[in-house]
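Notes follow the structure.
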Amino acid sequence: MTLSRAKIPALPSRLEGLAALAVNLAWSWHRQARALFRRIDEPLWRHSHHNPIVVLRDAAPERLEALAHDADFCSHYDEVMDWFSRERSTTSGWFREHYSEIGVDRPVAYFCAEFGLHASVPIYSGGLGVLAGDHCKSASDLAVPFVGVGLFYKKGYFDQRITPDGWQEDSDDEIDLDQTPLVPLLGPDDAPWVTVLNTFGRAVHIGAWTLTAGRAPLYLLDTDLDVNDEADRGLTSKLYSGGAEMRLRQEWILGTGGVRVLRALGINPAVWHANEGHAAFMMLERLRELVGSGTAMSDAINEVRRTSIFTTHTPVPAGHDAFDVGQVAECAGMAYLEDFGAAAERAVTLGVHPQHEARGFQMTVLAIRLAGHVNGVAKRHGIVSRQLWSDLWSERPIEQVPIGAVTNGVHLATWMANPIMRLLDYHLGDDWGFRLDDPEIWDAVLGLDARAVWFTHDELKRMLLRYLREEARRRWRDEWSEAAQVVASGTLLDPRVFTIGFARRFATYKRADLLFRDIERLRLIVTDTQRPVQLIIAGKAHPQDTPGKEILQTLYHYARDPMFEGRVAFLEDYDMHLAHLLVQGVDLWLNVPRVPFEASGTSGMKAALNGVPQLSTLDGWWEEGFNGKNGWAIPKAQPSEDADAADAEHLYQLLEKDVVPLWYDQDDQGIPRRWVQRMKESIRVAGRHFTARRMMQDYADRYYAPILRGDPFVDDPPLG
Ligand SMILES: *Cc1c(COP(=O)(O)O)cnc(C)c1O
């Protein structure tokens, strides 16, 4: 392995360990490590959106020199470096203790098209990527033997700019590699590529970058190499861009290239996990390896099924990638198919559904055929997925369709705000972080002092509003031309007013505009003189999603419109950094997907961990997460009703009659006691049931450990 790309200048020798710390993302979920970087230069820390590489690069050398002689800083540094060396070297952890009989030389390989680990590596578009990032972090925390495989998108997803008229513009600046913790991986003889494959008749060389998340390495594949044909260099440049052929080739690189990169590195996974169908060619490649080396096709399929897990995330047929069968064959090429011998024809139709041939080659069908372990991402989504794919097992009743469910969770140490953690330190004892599996810890949250909870939240709310003003000030100076843009960005928001947050991708099923169905009714709620309400909205529409952009534009117009008195804000460029501030700083988290289109949803879990209750339709995780005390639920619309109209009516009523009055029901110390009760209940439920730690334990117990142990696997493959 060579040096990282990060541009870190020479540091005072007393502090030289900071360079290594800055390029392992473990710093991002360790409070003391974050605090250490923040201490170096707080404004720089804030302006860089918490990027330690930028802090080390841009901090004044005299400042670093002075810190090297500051006893207090040095002892803080020593503590963090102690933790860091233990973090990297330890072989202990939940998995090792629970499964001591399992050797750790063969890892779980986890493939995903996007990873959201930190805002400084923007190779994610939304929930899928952030979930994958949280999965890697908990694999590290729990000492699960693990490697991640993804693509490195030089231009990331896209940066969002909103014109004064509310139209989303998608700029695609290149990521500044020098500001990321990526380390280039060299191939044999220091070649800049690790492996080669063919697509559409051309050889494509594949380079890779390592991104380290604690003990878990991620390998991110990249085709932007001089040796490659010009047309192939851009294959991995942008996430989810281009037409079907581009998508097909990206997924080919991810799946096929990913397996070959691991082979070239001498990594020999025992478990192969595809997170969403994009990665399913990983299974076909392993089938090719087996058949090409003489295993009979049916035995090879059984072996791939035994060792593969597929997690599906999409509850609607149209959301699943599908390609033309001929195009898949062309992408794979003759040499690839020849390895299948007589089974070549079969290989290119493994993605074809016997009853729906017209849909072409579906990645989800391929994945269901080749993975013996399939799961949805919430209990409800498991049921929906069994219905959706039951005709692949036409002999079986729906309950026996072998698709399970592992409900998503979020990484606590990433998403819980420092002040909330300090609150728990004080009330639960400093060691609560080591007792996360103990239900008593979470029940004890209900005993938190109401006043402390309330004022901690108030501090976080003020941090959010301060951030909005700082961003607005910068954009007013650098980008914006109209004062109305400054108002639309939330600069008139008041910390003493009840504040609702809504932030997510502008996919139409998420219904960002539901609250705006009856403008006059909303205006009355928002501008009530006794009990006003504020609304903070953020999110990106996919660049090709014109209806999504139109909804965004409509909402932006309301943010500018004086009729809402500056109490509706739209924040540009929703990313993980902004997500943190929002889920920690608003009073209520709003989530209104059209049932049953939300497979899970995770932002509400992040909010709940910070004591922010959720108001949501009963979809995804909320159907199992809502207990009547930790937020509010919009009841399911009757089949005879117009779901949008019915859900909007319930939403307005809940706000008018329950939610807003409860928040304003404050005692003479200004504390809304009954609201605070809901805040505590939110933390209790999320901490106990909806963390990535619990999710990883479920994956380990149900899938990883049995496969690693070599438990016998008996299940009929699906038809066709
Ligand atoms: C958590 C997160 C999401 C996912 O939110 P949903 O509730 O699943 O819509 C999307 N984007 C970012 C930046 C996130 O942090």
Side-chain angles (χ1 to χ4, degrees), residues 28-29 49-50 112 114-137 156-160 239-240 275-276 311 313-315 319 376-378 380-381 407-412 414-417 464 500-512 514 536-542 548 571-586 588-610 612-623 625-626 631 686 690-692 695:
S28 72
W29 69 90
H49 290 183
H50 304 181
C112 190
E114 49 172 310
F115 283 94
L117 287 125
H118 189 259
S120 61
V121 192
I123 53 170
Y124 60 91
S125 79
L128 179 71
V130 177
L131 178 85
D134 282 1
H135 195 90
C136 298
K137 292 171 187 177
Y157 189 43
F158 69 92
D159 295 321
Q160 181 191 51
L239 175 58
Y240 303 146
N275 194 41
E276 189 54 314
T311 301
H313 290 261
T314 317
V377 290
R380 162 64 41 184
H381 182 232
T407 302
N408 285 163
V410 296
H411 190 247
L412 183 144
T414 296
W415 292 104
M416 189 183 268
L464 166 65
I500 301 174
F502 180 95
R504 49 187 43 87
R505 288 179 303 111
F506 267 66
T508 28
Y509 78 87
K510 294 194 183 246
R511 298 191 297 188
L514 192 75
I536 304 183
I537 304 162
K540 296 174 176 178
H542 186 280
L571 309 186
E572 285 179 31
D573 217 22
Y574 181 49
D575 70 348
M576 286 181 73
H577 186 70
L578 184 53
H580 270 100
L581 288 145
L582 284 170
V583 297
Q584 297 167 358
V586 299
L588 178 78
W589 196 250
L590 181 66
N591 182 45
V592 285
R594 187 176 290 133
V595 182
F597 288 59
E598 186 72 275
S600 164
T602 50
S603 56
M605 303 175 188
K606 301 168 192 166
L609 274 182
N610 290 289
V612 174
Q614 175 171 256
L615 191 177
S616 172
T617 40
L618 278 171
D619 203 10
W621 80 281
W622 201 230
E623 191 170 289
F626 174 61
F690 297 99
T691 62
M695 169 177 74

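Counting starts at 1 for both ligands and their atoms, in listed order.
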Test M695 against L131 for side-chain contact (heavy atoms from CB on, under 4.5 Å), laying out the working first. CA-CA 10 Å; M695 169 177 74; L131 178 85; 3.9 Å; yes

Is the backbone of V612 close enough, under 3.5 Å, to the side chain of N610 for a donor and an acceptor to pair up by distance?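 No, N610 side chain to V612 backbone: no donor-acceptor pair under 3.5 Å.
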
List in chain and number order the residues that pass ring pair (Phe, Tyr, Trp, His ring centres under 6.0 Å) with F158, two or more places apart in sequence or in another chain; answer none if no residue qualifies.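 If we apply the ring pair (Phe, Tyr, Trp, His ring centres under 6.0 Å) test to F158, skipping adjacent residues, there are no hits.
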
Mind checking what residues have non-hydrogen atoms under 4.0 angstrom from ligand 1?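 Within the 4.0 Å shell of ligand 1, which is judged on heavy atoms, sit G126, G127, V130, W415, R504, K510, Y574, D575, M576, A579, G601, T602, S603, K606.
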
Would you call the rings of Y240 and Y157 parallel, tilted or perpendicular, where under 30° means parallel and over 60° means perpendicular?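 Perpendicular, since the angle between the ring planes exceeds 60°.
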
Over 60° means perpendicular and under 30° means parallel, so tell me whether F502 and F506 are parallel, tilted or perpendicular.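 Perpendicular, since the angle between the ring planes exceeds 60°.
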
Does the side chain of H135 come within less than 4.5 Å of N275's, by heavy atoms?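 N275 does not reach H135 side chain to side chain.
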
